[in-house]
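What follows is a set of notes on a single structure, which appears directly below.
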Protein chains: 2
Amino acid sequence: MRKNLAVSYSAAMRARLSDIAQQADVSEATVSRVLNDRPGVAPETRQAVLTALDVLGYERPARLRKRSAGLVGLVVPELDNPIFPAFAQIIESALAPTGYTPVLCTQTPGGVREDEYVEMLLDRQVSGIVFVSGLHADTAADHDRYRTLLARPLPIVMINGYAPGIPAPFVSCDDREAAELAVAHLVALGHRRIGLITGPDRFVPVQRKVSGYKAAMERLAGVDDDELAELTELSLFGVEGGEAAAGRLIERGATGIVCGSDLMALGAIRAARQRGMSVPEDLSVVGYDDSPLMAFTDPPLTTMRQPVAAMAVAAVRALVDEINGHGAPHSEYLFRPELVVRGSTAVARQDAASTQSGPGRQRPTPSALAVPA
Amino acid sequence: MRKNLAVSYSAAMRARLSDIAQQADVSEATVSRVLNDRPGVAPETRQAVLTALDVLGYERPARLRKRSAGLVGLVVPELDNPIFPAFAQIIESALAPTGYTPVLCTQTPGGVREDEYVEMLLDRQVSGIVFVSGLHADTAADHDRYRTLLARPLPIVMINGYAPGIPAPFVSCDDREAAELAVAHLVALGHRRIGLITGPDRFVPVQRKVSGYKAAMERLAGVDDDELAELTELSLFGVEGGEAAAGRLIERGATGIVCGSDLMALGAIRAARQRGMSVPEDLSVVGYDDSPLMAFTDPPLTTMRQPVAAMAVAAVRALVDEINGHGAPHSEYLFRPELVVRGSTAVARQDAASTQSGPGRQRPTPSALAVPA
DNA sequence: CTCGATTCTGCAAGTTCTTGCTGACTAATG
DNA sequence: CATTAGTCAGCAAGAACTTGCAGAATCGAG
C-alpha cells in the first residue's frame, strides 16, 4: 500500500516514527529507543524526542507515561454522607507527599459500579487501590474479586469493613467499641431504653455495631434479648432512613438512640421534633462518624468520632509499603473511636428512666450548648 | 536476533500477535484487525481474540478500551466545602445514563494541581472535562491552558466562573443576583448596616458578588462608597475565614452579613456567639450555596441556593453535545439562585438599625427556632 | 594536545504488525 | 438445486518498529 494511503487512514492519523524522527532531527532508531524507554539515549536527545512527540500529538505508550506511574485508585461508595468526602480529602492529602496521584472513584446509584471502576483503574495501571466501605464490607458480595487483584499482584488496602481470607491490610474503626461507648454514655445519663438504628445487616460494620450494642445493653442496662430485638432497627443509611426508624423506636418508648451514621442521627432528631419532642430533653441521640459540620447542627451532635486522619494515614502508609514490597503483616488495624459529647444527649427524664417515679415535665438539664470548637 | 531472545526480553514479556493468534486459533491478521478495531471480523471471532488477549495478559491498547464508553474528567478544587461533593455527586449521576464514566479529580493543598490532573486525564484519553470552580474562575490565572485543550480538540465545560475568550460552554449561578437578593432580604427585615464576606477578589464569582452587593446596597439601603468599603471583607473561604471577617464586621456595627459560602456563614455565626450575640436576634447571617445539611445547622441557615441539579444537568448535556459535535453556542448559561429562608435571619433590632448604637449585650428576642424541613 | 574510554547516534538487518486481496463459506433467491 | 451476493479469515507483501553494531562525539587523563 502507498504511504499516503496509510497516512490518510484514520482521523487520528497516528504519527509515524519517521515523522517524529524528522521533527526531532534524530533517527527512527533513537525515537524507538525513547519510546521503549531503553538506555543509550542522551537525556537532551530523549527530551527532544518527547517534545516532538507532543508536538505531533503522538500518543505515548503506557510504559512511557511513567511520570504518572504513581497513580492510586481511591474507591468510595458515595459522597452524600460527608464522611466519605472527608476520607477522600484526607487520604489525598496523605498521599500527596508520597508522590502518588489519587484518582477518586465514587459510585452513584444507577451509575458506575465498583468493578467497572476497578477495571478502569487497572487499565490505567494504578500502583494500588484503597477501598473505602466497598464490597469487602458486604458479606453478601463475592470477595474473589479482591483475591484476583492481589494475585496480579496489585496492592490494595481496605478501610472500614473486614472480610476474612483476603490477605491485605484492613484499616477499620472499632465499631463494636463505638457502639459500646455510645450505649455506656447514654446509660450513664440514666437512659435504659436505648434503641439502635443502623443499616442493612449484611455489612460488617453494621454487624459489629449491633454486636457491641447488644453486649453493652445486656451488661450495662440489663436488657434481655426480646427487648433488644424490639429496640434494634435496621434501615437505610441516610437521613430518611434514620427518620423512619427513629419514629418506630420513639413509639416503642426509646429515650435514647444510637445511630450508625451522623445522617441517620439527624433524621432521628427530625423524627423527634415532628412528634413535638425536643432533643436532647425528650430524646438523646448519638451519631456515628463525627463527619464535618456536625458541630454546627441543631443541636450540636453528640457522636462517635472515627479517627479519620489517623486511619487515612495508616491506610496510605500500608498501601505505599505494599507497593514498595515491604508489606506489614496482613491483619486488621483497629482504630479506637472517641466519644464527642455535644448537645444531642442529656440526662434521661425521670418519668422515662428505669425507675419510673419523677414528675412529668420538668425543665431539662442545661444542655451543653457548647460553642463549636 | 533470535526469537527466544526477543521473547525473554523484558519482565513484562509482551505477548506477540502470533501467540495470541495461536491461542485464539486464528491468523495474526485477524488479531491485528481486532486490536485495531477494524471491520471484517465476525463478532464471535472478535470475542475469542479478546478472550485470548486477556488469557495471555496482553495489555489492550487504549483504542480498544474505548469500547468501555468514554471517560469524562471532573475537576473540583476541594471537598471540604460540601457544595463540591454535592456537585460531583450530581454530575456523576447525570453522567451515568449517557454511558460516560466520571473520573473525579480533587485538588488538595500541597497535592496534585489542576494542570497535573488535566495531563493525566488527557493521557487517559478522556472524552471531555468538566471544571468546577477551577482556574477559569481565577482572573490571575493564565487561561491559555483551556484554549490549548479546546484546540486538541477536547470538549470542556466550566461551572461557576467565567473567563472571556474561551470558546466553551459556561454554566454558572448568577452570583450578582444572589448577592442582590440576599441584600434585599436583609433590607426587607430592616437591616441597613449589612456586611459582605467573601473570598479573594481575583475570583470571578467573588467579583460578581461584590458587584451585586454594592449595587443593591446603594439602591436599597442608600449606603455610600465609603461605608461600603468598610462593610466589605475579603477573606479566605472556609469557616475560619468567615469567623475572622465576621468579627471585624461585628465590631463595625453590622447587623446583617451576607456570606460568600455556607461555611463562611457558619464561621460568622460562631464569631457572633463568641461575642455573646445570638443569631438571628443580634445578627442576621445569609449563606451561599445551600450545601447539604444546612437545614440542620443551628440555627438553620438562611442561604442562597445554587440550583445544583439543574446546573449539573445542563453542564453534562452541554458536554455530551460538544463531544457529539453538536455544540450549542458557547455562551454563559446563568442559573438563578433562590433565597431559602431558614432561621439565621430575623428582623433587625430597633436599636441597631440605621441609628448606629453598636452591638450591645442585651437579651435577644425570642428566636424563630424552626424545625428543619 | 593526544589518546583512550565512554557515551551516543545512525545504519541496516532483522522482527513484528498491518492490510489489500483472495477464496471459502453462508444465506438468500431464482 | 444452482446461483449470486455478502461476509469473513488467511495469505503474503510490505510498512512500521526494534536492535546489534560500528563509527562519531565527548570527556578526562596523561
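Here the structure is a predicted model, which means the values were calculated and not measured.
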Any Ser27(B) side-chain N or O less than 4.0 Å from OP1/OP2 of dA9(D):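 Answer is no, no contact under 4.0 Å.
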Phosphate OP1/OP2 of dC17(D) contacted by Ser32(A) side-chain N/O (<4.0 Å):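 No, because none of the side-chain N or O atoms of Ser32(A) sits under 4.0 Å from OP1 or OP2 of dC17(D).
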Given atom [atom1] of [X] and atom [atom2] of [N], what is their separation to the nearest angstrom?
X        : N       : atom1 : atom2 : result
Asp19(A) : dA15(D) : CG    : C1'   : 13 Å
Arg38(A) : dC8(C)  : CZ    : P     : 16 Å
Arg33(B) : dC17(C) : CZ    : C1'   : 12 Å
Glu28(B) : dT15(C) : CD    : C1'   : 11 Å
Asp25(B) : dG10(D) : CG    : C1'   : 12 Å
Ile20(B) : dT16(C) : CD1   : P     : 12 Å
Glu44(B) : dT7(D)  : CD    : P     : 14 Å
Leu35(A) : dT18(D) : CG    : P     : 7 Å

Sugar-phosphate only, base, or nothing, as touched by Val41(A) at under 4.0 Å among non-hydrogen atoms: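 Sugar-phosphate: the residue Val41(A), judged by heavy atoms under 4.0 Å, touches backbone atoms but no base.
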Sugar-phosphate only, base, or nothing, as touched by Ala29(B) at under 4.0 Å among non-hydrogen atoms: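 Touches a base.
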To the nearest 0.5 Å, what is the distance between [atom1] on [X] and [atom2] on [Y]?
X         : Y         : atom1 : atom2 : answer
Leu154(A) : Leu149(A) : CG    : CG    : 6.0 Å
Thr106(B) : Leu74(A)  : OG1   : CG    : 8.0 Å
Asp138(A) : Asp142(A) : CG    : CG    : 11.0 Å

Backbone of Ile159(A) reached by a side-chain donor or acceptor of His136(A) within 3.5 Å: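 Answer holds: yes.
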Position toward the 5' end of DNA chain C (nearest nucleotide), Pro43(A) or Val31(B):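 By nearest-heavy-atom nucleotide position, the 5'-most residue is Pro43(A).
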